[in-house]
Amino acid sequence: MMEKTFDPASVEARISSVWEQAQAFRAGRADRARADTFSIVIPPPNVTGSLHMGHALNNTLQDILCRFERMRGKDVLWQPGTDHAGIATQMVVERQLAERQEPGRRDMGREKFLEKVWAWKAESGGTIVNQLKRLGASCDWSRERFTMDEGLSRAVLKVFVDLHAQGLIYKDKRLVNWDPKLLTAISDLEVQQVETKGHLWHFNYPLEGKTYDPEDASTFITVATTRPETMLGDTAVAVHPENEKLGYLIGKKVLLPLVGRLIPIVGDTYADPEKGTGAVKITPAHDFNDFEVGKRHALPMINILDAEGRLLLENNEAFLAGVKSSDDLAIVMALHGVDRAPARKAIIAMMEERGLCPLIEPHLNQVPHGDRSGVVIEPWLTDQWYVDAHTLAQPALKAVREGKTSFIPKNWEKTYFEWLENIQPWCISRQLWWGHQIPAWYAPEGEVFVALTEVEAHAKAEKHFGHQVELKRDEDVLDTWFSSALWPFSTLGWPDDAPEVKRYYPTSVLVTGFDIIFFWVARMMMMGIHFMDEIPFKHVYIHALVRDEKGAKMSKSKGNVIDPLDLIDTYGADALRFTLSAMAAQGRDIKLATSRVEGYRNFATKLWNASRFAEMNGCARTVDFAPEKLTIDVNRWILGEAQKAVAEVSGAIEAYRFNDAANGAYRFVWNIFCDWYVELTKPILQGEDGPAKDETRATTAHVLDLIIKLLHPFMPFLTEELWAIKGAEGPARNSILALAVWPVLHGLEHEGAEAEIGWMVDLISEIRSVRSEMNVPAGAQMPLVLVGVSTDVQARAGRALDTLKRLARVSELSFAEVPPANSAQMIVRGALVALPLDGIIDISAEKTRLQKEIGKFEGEVKKIDAKLGNADFVARAPDEVVEENRERRGDAVSRIEKMKAALDRLS
RNA sequence: GGGCGCGUAGCUCAGCGGCAGAGCACUACCUUGACAUGGUAGGGGUCACAGGUUCAAUCCCUGUCGCGCCCA
């Protein structure tokens, strides 16, 4: 005997091991060698991370697809693995060292530090994988990969070396986004622009050859800046060439205050005459726009900051070039080694003291911050490695334009195009230790040799120089996303000649969030097409973000994070999964309320109890069940409904409409199977033994089996458990549910059965409604009179009597030509139905009720008449719409007539 | 500034040319032999606003207001 409720906690672990023992999720099962493949690569979570709600949604959706296709007989590969997450992981380990007051990474050195990181990976790396398993993810865990595995690392090296040989990776000195806390370059994407309240400082730069007089505008030019401290590195002032007021100054020179450097005023369209003062100071080494201006005018680039964002002035040849010593300069030089923030204050103070700062305005500006470190990013001039993303982007754009890869929902393609069309060189070197070290070696004079191994690099160097030289490897590692970009093929065994590459690439679909379209999706497209000559995936399904109940992004600092593991503990993995899929409508974020999870937990309980009911009533599966040979209408009817539900769910999953799929299954199980079929069949199941009972038992068991299959992609644990329980009776199962065959139903819709059962459902609903409105006590039984019905309907009513007694509390059934006096009356499918309420009925209440009903239908008739009275409508609307309106009108009119007659009889 | 999206029941959301829907919440009744994590019935809507297209607009178009997000 089954328990009264389903207990996820005790079942989930057991079911997981059932799947594991059956090796149910292994790709390339021998019995599916000839089957079509279906493959997905998991978006690899950070190896040391833990499961958050975004992962839960992402992996639930992937799992639904994989389980669905697996049941449809495909050879499914869901490729799992984790990402080494360079910066994030290195930061975690550094923080741990600090907390334990151990030596920092620089003190312990690269080798020892990396040992610590590997140790941390070994310790915590299993967490996320175990959490994914708890969610029920049906990955082929035997194929788990890690971006720093030996094989994947070889793929990274090969890609780097090949792209370098093709001129698509190169080293360049240009401005990068420099993180002064983490001491590394980062890519554009890792920079967050934060709107900050700041100021716009107006500085007067005296013109060469004039004596500065703040009252005389002809002696200076005023520039406006949000970054006053960078003035020390100014090498020009720019004015728009067509600037009417200031244009005449182009070609003249100014004396940079405090420093005494003579710098030109250049004409450049970058200086917007409308903004600030119309003149802008140019610091090519510390601003991306200024860098471009500097290149256009061949200006010197003077770097005045060190790696940690402190002023770098002493021994700074570029800074001191052409500058005479002065009192001011001496004061400035004393700022050497001072951090940029206090340095800013000092510079402003000096400018003010000298009467060179006439105005300070409040100003809102976008300040770049490192997304990991949170500190202000400095544009900084360094040597870094770059990928020629522009070249690689072209085929990636083309593939989506031509529809080889398509996004779902489609509007994300626009985002993808937008970014790839404007793509900048991708800075891939990071001044970190945790990651793939760049395979480049330097000779003492700086010549660089890129090779797969040190031995090869030496060979190349020897060929170049004609003799052996000492080589030193580049210290930097690659951006984590560099290895992620190879994920769809590196995990399959590339660059080795692995059969999996041929079989599973390109993958069927990629499921991910929109936040990493740039970081990841676009780069996989570029690398996949370049190295495999073939797109990495046919579809990209972009799902929403999971937010909290009020729509805020979940974050630790806000304290509004819902931990999916907590929900799994409380409500079960199935309830969480079902909630996420039911809410995963395309194009909208998910605002997650735990009340929804609770509701779907109740749904699990409902299904459990329906199964329990079946068990109690001996509903066992039979060997020779033939749905097309059923003889009882209610059984024919439920199979017709099941067929519709199966088609709906299958179609919705195929179209990535997960919410429609989940809701379709939900409605069928609760509102059709439980609410009606189980109730309608109770009289049969609890009646005498015989063929009717046998057929109904077998049908119940069969439909439950269909339901369990239909729900398996959404609720794998509960359904697998029920599959086992239901398998204990009747014929033995051929397989576990995860490998069972997805239902495909044909030709089971039965018109006669639908008429019979539909009528019964309408009749019962109508009787219940009237009883309730008439305040008939729930337990009271009352007779039912069908007025003026055909012998067919009389026979139908006779067949329904047991059910009517049970579900509508009917005591007896009779037929009449005229309704009895003092009855409540209703119209069911065109026929008048009366409930004699003598003694119970409140005549005035019944009159009110009838009048309300009449009013409702009169309103409808009025609306339809307005339409039908419109000649244009009749002439131009499709015939079936006109016809439908006529029918509805006829229906309504006949109801009104019957109800009016009923009203007359009530006096 | 450019782009994308959203305003539908008290709340969370579907629907997207032809009777306005679900879940939760609410109200009333029901400890009915699967399930109170349940059952039955019910109340609740100018589909943000203003124009336009159409025989017909919650749905398509334009604008306004409000709210998000992404990119400069």
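Reminder, nothing fancy here: chain letters follow the sequence lines and each chain counts from 1. On a predicted model such as this, the values are computed, not experimentally measured, just so you know. All values below come from the heavy atoms of this structure, side chains included, with hydrogens, waters and symmetry mates left out.
- Partners of A:Arg296 according to the side-chain contact (heavy atoms from CB on, under 4.5 Å) rule, which considers only residues two or more places apart in sequence or in another chain, are A:Asp268, A:Tyr270, A:Glu292, A:Val293.
- Rounding to whole angstrom units, CG of residue A:Asp865 and P of B:A56 are separated by 18 Å.
- The side-chain contact (heavy atoms from CB on, under 4.5 Å) test applied to A:Ser769 returns A:Glu773, not counting sequence neighbours.
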Next item on the list: Summarise how protein sits on nucleotides 33-47 of chain B as a single string, 5' to 3': B when a protein heavy atom is under 4.0 Å from the base, S for sugar-phosphate-only contact, - for no contact.
Entry: -BBSBSSSSS-----
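- When atom types are taken as modelled, the side chain of A:Arg577 and the backbone of A:Ala56 share no donor-acceptor pair closer than 3.5 angstrom.
- Residues forming a salt bridge (Lys or Arg N to Asp or Glu O under 4.0 Å) with A:Glu812 (at least two apart in sequence, or on another chain): none.
- OP1 or OP2 of B:A20 sits under 4.0 Å from a side-chain N or O of A:Lys863.
- Regarding A:Phe417, its CZ atom lies at a distance of 14 Å from the P atom of B:C4, rounded to whole Å.
- Residues satisfying the side-chain hydrogen bond (donor to acceptor under 3.5 Å, both in side chains) criterion with A:Arg889, sequence neighbours excluded, are A:Asp865.
- Residue A:Asp660 is the one, among A:Arg888 and A:Asp660, whose nearest nucleotide of RNA chain B lies closer to the 5' end (criterion: closest heavy atom).
- With the 3.5 Å cutoff on both pairing distances, Watson-Crick and G-U pairs in RNA chain B assemble into runs of at least 3 at B:1-7 with B:65-71, B:10-13 with B:21-24, B:26-30 with B:38-42, B:48-52 with B:60-64.
- Nearest heavy atom pair, residue A:Pro8 against residue A:Gly572, reads CB-CA, 3.6 Å.
- Going from atom CZ of A:Phe578 over to atom P of B:G23 covers 13 Å, rounded to whole Å.
- Minimum heavy-atom separation, A:Thr681 to A:Asn635: CG2-OD1, 4.3 Å.
- Comparing the C1' positions of B:A34 and B:G39 gives a spacing of 12 Å, expressed to the nearest Å.
- Atom C1' of B:A25 sits at a distance of 7 Å from the matching atom of B:G10, rounded to the whole Å.
- Annotation: B:C6 and B:C13 have their C1' atoms spaced 12 Å apart (nearest Å).
- As rounded to the nearest Å, B:U37 and B:U46 have P atoms that lie 34 Å from one another.
- Looking at heavy-atom distances under 4.0 Å, A:Arg809 makes contact with a base.
- Comparing the same atom, C1', in B:U62 and in B:G15 gives a spacing of 24 Å after rounding to whole Å.
- A close approach under 4.0 Å does not occur between any side-chain nitrogen or oxygen of A:Lys414 and OP1 or OP2 of B:G3.
- B:G51 and B:C59: their P atoms are spaced 14 Å apart (whole Å).
- Partners of A:Phe288 under the side-chain contact (heavy atoms from CB on, under 4.5 Å) rule, at least two apart in sequence or in another chain, are A:Leu175, A:Asn177, A:Pro379.
- Nucleotides B:A9 and B:G18, compared at atom C1', are 23 Å apart to the nearest Å.
- For the pair A:Leu868 CG and B:C19 P, the computed distance is 13 Å after rounding to whole Å.
- Between A:Tyr666 and A:Trp419, the residue anchored nearer the 5' end of RNA chain B, judged by the nucleotide with its closest heavy atom, is A:Tyr666.
- Pairs passing the salt bridge (Lys or Arg N to Asp or Glu O under 4.0 Å) check and including a residue from residues 655-666 of chain A, sequence neighbours excluded, read A:Arg657-A:Asp660.
- Nucleotides B:A14 and B:U8 are separated by 11 Å at their P atoms, to the nearest Å.
- A search for side-chain hydrogen bond (donor to acceptor under 3.5 Å, both in side chains) contacts involving A:Arg401 returns A:Glu421, not counting sequence neighbours.
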